[in-house]
Asks: 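Sharing a structure below in structure tokens format, with a few things to ask.
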Amino acid sequence: MTAPSHLPGPLLDELLAVALEAARRAGALLRDGRPADLAVAATKTSAIDVVTEMDVAAEKLITGVLAERRPDDGVLGEEGTSTEGGSGVRWVVDPIDGTVNYLYGLPSWAVSVAAQVDGRTVVGVVEAPVRGETFRAVLGRGAFLGERRLSTLPAPSLAQSLIGTGFGYLTERRAAQGEVVRRLLPQVRDIRRGGSAALDLCDVAAGRLNGYYERGINPWDYAAGELIAREAGARTGGRPGEPLGGELAVAADPSVFEPLQELLEGLGAWHD
Ligand code: LIP
């Protein structure tokens with residue numbers, strides 16, 4: 001999919017450079033500045049939906065970079081940043097996607113930074129410092145892990161597909177999601193639950209998963225990762241005919257996208 005013709009190349013170049021700088025600086029802070037006694041600073045939708053001091057510190061660092069480099073842009077951040085801006089560019093930021101992994105010292109967490117123009121994601125960066133991986137994409141220019149161009153992995157059938165998924169923080173939703181995965185599991189090769197939607201989408205892009213689905217993720221979880229997956233050749237969406245979103249997120253290699261989407265529709269993965 002090519003970038004809208006009205007988007008000049010130098011603007012896309014600048015947005016990518018700013019996204020990389022913000023993500024890498026925040027990633028270094030989170031990796032090198034993680035307190036040994038890191039604890040939960042607050043909770044959000046439930047007792048297991050946690051925020052640490054580092055989530056807040058990382059979002060403050062990122063918004064500082066954006067304010068310095070792109071002062072007229074809007075910003076939406078998971079930890080409360082919400083500014084309109086006047087440039088037509090809006091940044092969608094998750095300072096730590098995979099917060100529980102970060103809290104427990106597990107490696108699969110990432111800084112996700114996306115730039116949108118007129119509501120369309122045109123640049124995405126997912127920075128995974130402990131994994132030593134920087135995923136990036138610009139609309140129409142492909143997806144990359146470092147300098148390696150990414151491509152999704154076909155599967156001969158859904159039954160031979162490795163599918164990523166995740167679970168929400170509310171008990172009722174988790175019970176419903178557990179029922180969906182119980183019925184899905186016998187129909188696929190296996191599932192993986194990595195704990196970060198952004199990295200799950202990047203793993204689809206890198207061919208480490210054939211597909212991914214989840215109900216209930218937020219724009220900051222998926223904005224950058226969806227662009228990276230699509231630029232690597234993935235199809236993305238929600239229920240059949242719907243865009244990827246909070247109701248249901250589906251991303252997969254084209255060989256299994258529709259069978260996965262149809263299976264999820266039949267399992268009622270789009271409702272609690
Ligand atoms: C996480 C998502 C993940 C989901 C987790 C959590 P957070 O985002 O990336 O896919 O399964 O429950 O929502 O809260 O770490 O930013």
Asks: Specify the closest pair of heavy atoms between V126 and S112, including all atoms of both residues, with the distance to one decimal.
Replies: CG2-OG, 4.1 Å
Asks: Is the backbone N or O of K44 less than 3.5 Å from a side-chain atom of D49, with the two atoms forming a donor-acceptor pair by type?
Replies: no
Asks: Please determine whether residues V138 and V113 belong to a single hydrophobic cluster, defined as Ile, Leu, Val, Met, Phe, Trp and Tyr linked transitively by side-chain heavy-atom distances below 4.5 Å.
Replies: yes
Asks: Compare every heavy atom of I228 with every heavy atom of G124, then report the nearest pair and how far apart it is.
Replies: O-CD1, 4.0 Å
Asks: Let me check something: do L263 and L248 share a hydrophobic cluster, defined by ILVMFWY side-chain heavy atoms less than 4.5 Å apart, either directly or through other members?
Replies: yes
Asks: Just by distance, no angles: are the side chains of W109 and N101 close enough, under 3.5 Å, to form a donor-acceptor pair?
Replies: no
Asks: Do F135 and F144 share a hydrophobic cluster, counting only Ile, Leu, Val, Met, Phe, Trp and Tyr and linking them when any side-chain heavy atoms are less than 4.5 Å apart?
Replies: no
Asks: Rounded to the nearest 0.5 Å, how far does CD of E258 lie from CG of L158?
Replies: 12.0 Å
Asks: Do you know which two heavy atoms are closest between Y102 and R34, and how far apart they sit?
Replies: O-NE, 3.0 Å
Asks: Please give me the minimum heavy-atom distance between G266 and R183, naming the atom from each residue.
Replies: O-NH2, 4.2 Å
Asks: Verify, without hydrogens or angle tests, whether D253 (side chain) and G233 (backbone) share a donor-acceptor contact under 3.5 angstrom.
Replies: no
Asks: Give a yes or no on whether the backbone of G27 and the side-chain of E127 come within a donor-acceptor separation of less than 3.5 Å.
Replies: no
Asks: Sub-3.5 Å donor-acceptor pair from the side chain of E133 to the main-chain atoms of L145, do we have one?
Replies: no
Asks: Distance-only, no hydrogens or angles: does the T83 side chain make a donor-acceptor pair with backbone N or O of V75 under 3.5 Å?
Replies: yes
Asks: Identify the heavy atoms of L170 and T45 that sit nearest to each other, and give their distance.
Replies: CD2-O, 3.4 Å
Asks: Assess the side chains of E214 and T165: does a donor N or O sit below 3.5 Å from an acceptor N or O?
Replies: no
Asks: Only one of D203, I191, L201 passes side-chain contact (heavy atoms from CB on, under 4.5 Å) with L209; say which it is.
Replies: D203
Asks: Ignoring hydrogens and angles, tell me if any N or O in the side chain of E59 forms a donor-acceptor pair with the backbone of D94 under 3.5 Å.
Replies: no
Asks: Under 3.5 Å, side chain of D55 to main-chain N/O of P95, donor-acceptor pair present?
Replies: no
Asks: Mind listing the closest non-hydrogen atom pair of G33 and M54 along with its distance?
Replies: O-CE, 3.5 Å
Asks: Kindly say whether Y169 contributes a backbone atom to a donor-acceptor pair with the side chain of S46 at under 3.5 angstrom?
Replies: yes
Asks: Is there a donor-acceptor pair under 3.5 Å between the side chain of S161 and the backbone N or O of I163?
Replies: no
Asks: Tell me whether E14 is salt-bridged to R69, with the criterion being a basic N under 4.0 Å from an acidic carboxylate O.
Replies: no
Asks: Donor-acceptor pair, R136 side chain versus G146 backbone, under 3.5 Å?
Replies: yes
